[in-house]
Amino acid sequence: MQLSPLEEIRRASLSKLRTLGINPYPAEAFKTTATIAGICKSFEDFEGKEVVLAGRMMSRRIMGKASFAELKDASGRMQIYLNRDELCSDEEAVLYNTVFKKLLDIGDIIGIQGTVFKTQVGEYSVNVKTLTVLAKSLKPLPVVKTDAEGKSHDAFSDPEQRYRQRYVDLIVNDQVKDTFIKRTKITNAIREFFNERGYLEVETPILQPIPGGAAARPFTTHHNALNMPLYLRIANELYLKRLIVGGFEAVYEFAKDFRNEGMDRTHNPEFTVMELYVAYKDYHWMMEMTESLLEKVALDTNGSTEVPIGEHRVSFKAPYPRVPILEAIKTHTGYDVAGMDEPGLRDVCRSLKIEVDETMGVGKLIDELFGEACEHHYIQPTFITDYPKEMSPLTKEHRDNPALTERFELMVNGKELANAYSELNDPIDQRARFEAQLKLSEKGDDEAMFIDQDFLRALEYGMPPTSGIGIGIDRLVMFMTNNASIQEVLFFPQMKPERKAPAVSEEAKGILELLKTAEKWVLNELKAQSGLSNKKWDKALKELTRNNLAKVSKTDEVLEVILV
RNA sequence: GACCUGGUAGCUCAGUUGGUAGAGCACCUCCCUUUUAAGGAGGUGGUCCUGGGUUCGAGCCCCAGCCAGGUCACCA
């Protein structure tokens, strides 16, 4: 492995620590007595008292016999003060002069014991009496400095590196950590809300023999023992409904779903959806539930129902307007497409310059119209309701209009945040809808739903009238934390693999073959034998020595090459 | 998938007509006992994303590729 000079220095320090009898990776637990945030929050209670803290050293300011450093624990950052004569009693002051000043580095994890005080400039600090090395860091950490105005300098900002090495991102960019803390606050708020109402959190299969419940291309895998294909779920809807058939009256699941489609800043191949099903309810009830849920989520995570999202301020205060989709299309395009047939819709799309193709049925065409012409208008939370039957194969027919369904999508900031129905529980109707989907797929729609016979069998036993909802958790987190990219709210967003170290080149392989023919070679003879140009020779030999395949040594004024 | 932009030191970035690879921070040596983007003096550090090509000479020009971000398309 090729080490940078900075890494060499840190490894040398590591050995020196061991020579001094200090284990750089001790096994014992290190018992702390306080947290940094706790001290800063009630400084008066801690001032003059002794504390034990542990964390990562983030910066250092050495001034001869005294030094300041910044310690970071899970709760925050705080300055520590190290004074040679207070830290050490021995003549040499090894702990201060050697260990702290020479052998420790930014990024090392240390434990300290000392007293809390305030510096002359007024900064909360700990005067360190004992210092313990807890883990030596061998890779240099990017140093992000913040000035008096709170402006960051030399921020670790390259998105590729931030996502690939999220651990570094989390260490040096505090606001990144805050986003993920908020993410957990959001899911906690939702769980609290549901658990208070007695809803049951459940787990259903991720590996499914039939990928149902949504329209999307699945990831495929194979079970060896059963010798059968399996799919990573694109939704868990059909399994949760089976549980409603089984007699649970309210179940929910935070589900990782997987869709084998394009990636962009709002789509990751694996993402999280919270699905909830409640028996004896309809989609009107579900809208009210959703409003109060999101109001609580906003309050719990941001302390306010009003949240900044990009250029906008979005209010999650209930209630939200209800707008039937056909009305939305009428408002934003001027066309009344209610009851319109496929050719008619296609004409409307054409006149609005919306691209359509032959595989699109009535449902997809209306979906397209709404998506292109209307969706982006709904910044404040709005329920778009009553979608046409063709685009909602799992939804109950509308009580007043057989062409529509009892479905809503919640739009926020021009994007879909949730999708909910009065669930279709008529098994005969459901079978017919699946068959219509089958026709679509024969027409070339590769996203039409598969028929799940076991799900139909379950419905035939009778499912109570039920309302269900799916909420995109990643999107919700993006809204609540004002992030425009899904990658910012996933710890480890999907990335293409990093380029692997280049394989040994042809030239280097040739030299290796020559090296194998003798115990050692005089460098110039080997070079002549290889028949390589100066440039290629140099490059190939450097490659070999760098990868520790060959070694060059000097004896009696001759350079020799040996195989390692 | 198409187009645009980018890839240079550990980090953030300069790099002129193609002519010995630079800065700040970090790091190393030295000075400095309440500093704080600490300061002062000196120094080390490079696969210029990869592979070809043009050229006396390429970080720079040309071709191909890899990775990322953005826009669009596809897609919830």
Side-chain angles (χ1 to χ4, degrees), chain A residues 2-10 12-13 59-70 77 79-87 96 101-102 105-107 117-123 125 127 137-165 168 172-173 214-217 234-235 257 259-269 271 273 355 357 364 367-368 371 375 391 409 411 415-419 446-447 470 472 474-475 484-487 493 495-503 505 539 542-543 546:
Chain A
Q2 181 76 349
L3 294 177
S4 73
L6 296 181
E7 290 172 297
E8 303 272 15
I9 290 166
R10 287 185 178 222
S13 302
S59 68
R60 226 170 20 161
R61 295 180 286 279
I62 297 173
M63 304 173 303
K65 299 187 188 82
S67 297
F68 292 95
E70 191 180 23
R77 294 165 182 252
Q79 177 168 274
I80 58 175
Y81 172 73
L82 299 96
N83 182 303
R84 186 192 67 186
D85 300 326
E86 293 184 63
L87 190 62
Y96 182 76
K101 278 170 69 173
K102 302 284 179 200
D105 291 287
I106 290 175
F117 76 109
K118 199 191 281 185
T119 64
Q120 288 174 1
V121 201
E123 177 143 349
S125 308
N127 188 351
S137 163
L138 297 181
K139 280 203 169 286
L141 207 57
V143 177
V144 181
K145 297 202 173 187
T146 310
D147 64 20
E149 287 106 57
K151 208 175 138 206
S152 282
H153 297 263
D154 300 332
F156 178 63
S157 58
D158 175 35
E160 178 166 5
Q161 293 204 76
R162 288 185 47 232
Y163 303 152
R164 286 195 197 283
Q165 301 188 51
V168 176
V172 302
N173 294 327
R217 272 186 292 273
I234 56 174
D257 289 345
R259 296 186 183 176
N260 203 343
E261 280 156 6
M263 293 163 59
D264 58 33
R265 57 185 190 148
T266 53
H267 297 87
N268 193 68
F271 59 102
V273 177
E355 270 186 55
D357 66 60
K364 269 220 156 184
D367 194 24
E368 203 64 21
E375 199 173 62
M391 56 197 289
E409 290 194 351
M411 311 301 306
K415 307 249 164 54
E416 177 202 337
L417 175 60
N419 182 15
D446 57 356
E447 292 193 335
D474 306 299
R475 282 197 186 167
S485 164
I486 195 171
Q487 298 172 106
M495 302 282 271
K496 282 204 187 183
E498 289 177 81
R499 184 166 34 90
K500 55 185 176 208
S505 67
K539 200 167 183 183
K542 276 183 179 160
E543 183 184 332
R546 193 171 57 234

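Throughout, a chain's letter reflects where its sequence line sits, starting with A, and its residues are numbered from 1.
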With rounding to the closest Å, how many angstrom separate the P atoms on B:G43 and B:G24? 12 Å
Between B:C25 and B:A38, how far is it from one C1' atom to the other, in whole Å? 14 Å
Separation of A:Asp154 CG from A:Lys145 NZ (nearest 0.5 Å): 8.5 Å
Watson-Crick or G-U counterpart of B:C48, or none if no pair lies under 3.5 Å: none
Within the structure shown, what part of the strands sits under 4.0 Å from A:Phe156 by heavy-atom distance: base, sugar-phosphate, or nothing? sugar-phosphate
Contact class for A:Ile9 vs. all strands (heavy atom < 4.0 Å): base, sugar-phosphate, or nothing? sugar-phosphate
For a quick check, tell me whether the side chain of A:Asp158 and the base of B:G7 share a donor-acceptor pair closer than 3.5 Å. no
d(CE, A:Met263; P, B:C72) in whole Å: 17 Å
Comparing nearest nucleotides in RNA chain B, the 5'-proximal residue of the pair A:Ser485, A:Ile106 is A:Ile106
Does a side-chain N or O from A:Gln487 land closer than 4.0 Å to OP1 or OP2 of B:G69, or not? yes
Value rounded to 0.5 Å, distance of CD1 in A:Ile9 from CG in A:Leu138: 12.5 Å
Given RNA chain B, 5'-ward residue of the pair A:Gln120 and A:Val144, judged by closest heavy atom: A:Val144
Which nucleotide, in any strand shown, forms a Watson-Crick or G-U wobble pair with B:G6, with both distances under 3.5 Å? B:C67
Check this one for me: any side-chain N or O of A:Lys145 less than 4.0 Å away from OP1 or OP2 of B:C11? no
Using 30° and 60° as the class boundaries, would you call the ring planes of A:Tyr81 and A:Phe117 parallel, tilted or perpendicular? perpendicular
Side-chain donor/acceptor of A:Asn173 to backbone N/O of A:Phe156, under 3.5 Å: yes
Calculate the interatomic distance between A:Lys139 atom NZ and B:C27 atom P; express it in whole Å. 17 Å
Which nucleotide, if any, forms a Watson-Crick or G-U wobble pair with B:C13, using both distances under 3.5 Å? B:G22
Counting only Watson-Crick pairs (N1-N3 plus N6-O4 or O6-N4) and G-U wobbles (N1-O2, O6-N3), all under 3.5 Å, who is the partner of B:G1? B:C72
Please classify the nucleic acid contact of A:Val121 as base, sugar-phosphate, or nothing, using heavy-atom distances under 4.0 Å. base
Roughly how many Å apart are B:A26 and B:G69, using the P atom of each and rounding to a whole number? 30 Å
Identify whether any heavy atom of A:Ser157 sits under 4.0 Å from a base atom; if not, whether one sits that close to sugar-phosphate; answer base, sugar-phosphate or nothing. sugar-phosphate
So what does A:Tyr163 hit on the nucleic acid, given a heavy-atom distance under 4.0 Å: a base, only sugar-phosphate, or nothing? sugar-phosphate
Check whether the side chain of A:Glu375 and the base of B:A76 form a donor-acceptor pair under 3.5 Å. yes
Within the 4.0 Å heavy-atom criterion, would you say A:Arg265 contacts the bases, only the backbone, or no part of the nucleic acid? sugar-phosphate
Expressed in angstrom and rounded to an integer, what is the separation of A:Lys102 atom NZ from B:C27 atom C1'? 12 Å
Taking B:A73 as the reference, what is the distance to B:A2 when you measure between their C1' atoms (whole Å, please)? 8 Å
Please give, in whole Å, the distance from B:A68 P to A:Lys496 NZ? 6 Å
With sugar-phosphate meaning primed atoms plus P, OP1 and OP2, does A:Glu7 contact a base, only sugar-phosphate, or nothing at under 4.0 Å between heavy atoms? nothing
Got a donor-acceptor pair under 3.5 Å from the side chain of A:His267 to the base of B:C75? yes
Between CG of A:Asp154 and C1' of B:G24 the distance, given in whole Å, is 7 Å
Pick the P atom in B:A37 and in B:G42, then give their distance to the nearest Å. 23 Å
Over all strands shown, is A:Glu70 touching base, sugar-phosphate only, or nothing at heavy-atom distances under 4.0 angstrom? nothing
Using only heavy-atom distances, determine whether the side chains of A:Thr266 and A:Asp264 contain a donor-acceptor pair under 3.5 Å. yes
In the structure shown, which nucleotide is the Watson-Crick or G-U wobble counterpart of B:U54, with both distances under 3.5 Å? none
Any side-chain heavy-atom pair of A:Arg259 and A:Phe271 under 4.5 Å: yes
Complementary nucleotide for B:U36 - Watson-Crick or wobble, under 3.5 Å: none
Spacing of A:Arg60 atom CZ relative to B:G39 atom P, expressed in whole Å: 15 Å
Just verifying a value: how many Å separate A:Met263 CE and A:Lys496 NZ, rounded to the nearest 0.5 Å? 9.5 Å
Under a 3.5 Å cut-off for both contacts, is B:G43 paired Watson-Crick or G-U wobble with anything, and if yes, with which nucleotide? B:C27
For nucleotides B:G45 and B:G57, find the distance between their C1' atoms and express it as a whole number of Å. 26 Å
Keeping the roles fixed (side chain from A:Arg475, backbone from A:Glu416), state whether a donor-acceptor pair exists under 3.5 Å. yes
Out of B:C32, B:U36, B:G69, which has the shortest distance to the side chain of A:Pro159? B:G69
Between B:U35 and A:Gln79, is there an OP1 or OP2 to side-chain N/O distance shorter than 4.0 Å? no
When the distance from CD1 of A:Ile62 to P of B:C28 is rounded to whole Å, what number comes out? 8 Å
Given side chains that start at C-beta, do those of A:Lys102 and A:Ser13 come closer than 4.5 Å, heavy atoms only? no
Distance between P atoms of B:G1 and B:G39 (Å, rounded): 49 Å
Using the C1' atom as the reference point in each nucleotide, state the distance between B:G46 and B:U5 in Å, no decimals. 25 Å
Is the phosphate of B:U35 approached by A:Arg61 (side-chain N or O, under 4.0 Å from OP1 or OP2)? no
What is the distance from CZ of A:Arg164 to C1' of B:G7, rounded to the nearest Å? 12 Å
Closest listed nucleotide, where the reference is the side chain of A:Val143 and the choices are B:C75, B:A26, B:U34: B:A26
Within the 4.0 Å heavy-atom criterion, would you say A:Lys101 contacts the bases, only the backbone, or no part of the nucleic acid? nothing
Give one of base, sugar-phosphate or nothing for A:Arg475, where a contact means two heavy atoms less than 4.0 Å apart. nothing
Classify the nucleic acid contact of A:Asn419 as base, sugar-phosphate or nothing, counting any heavy atom under 4.0 Å across all strands shown. nothing
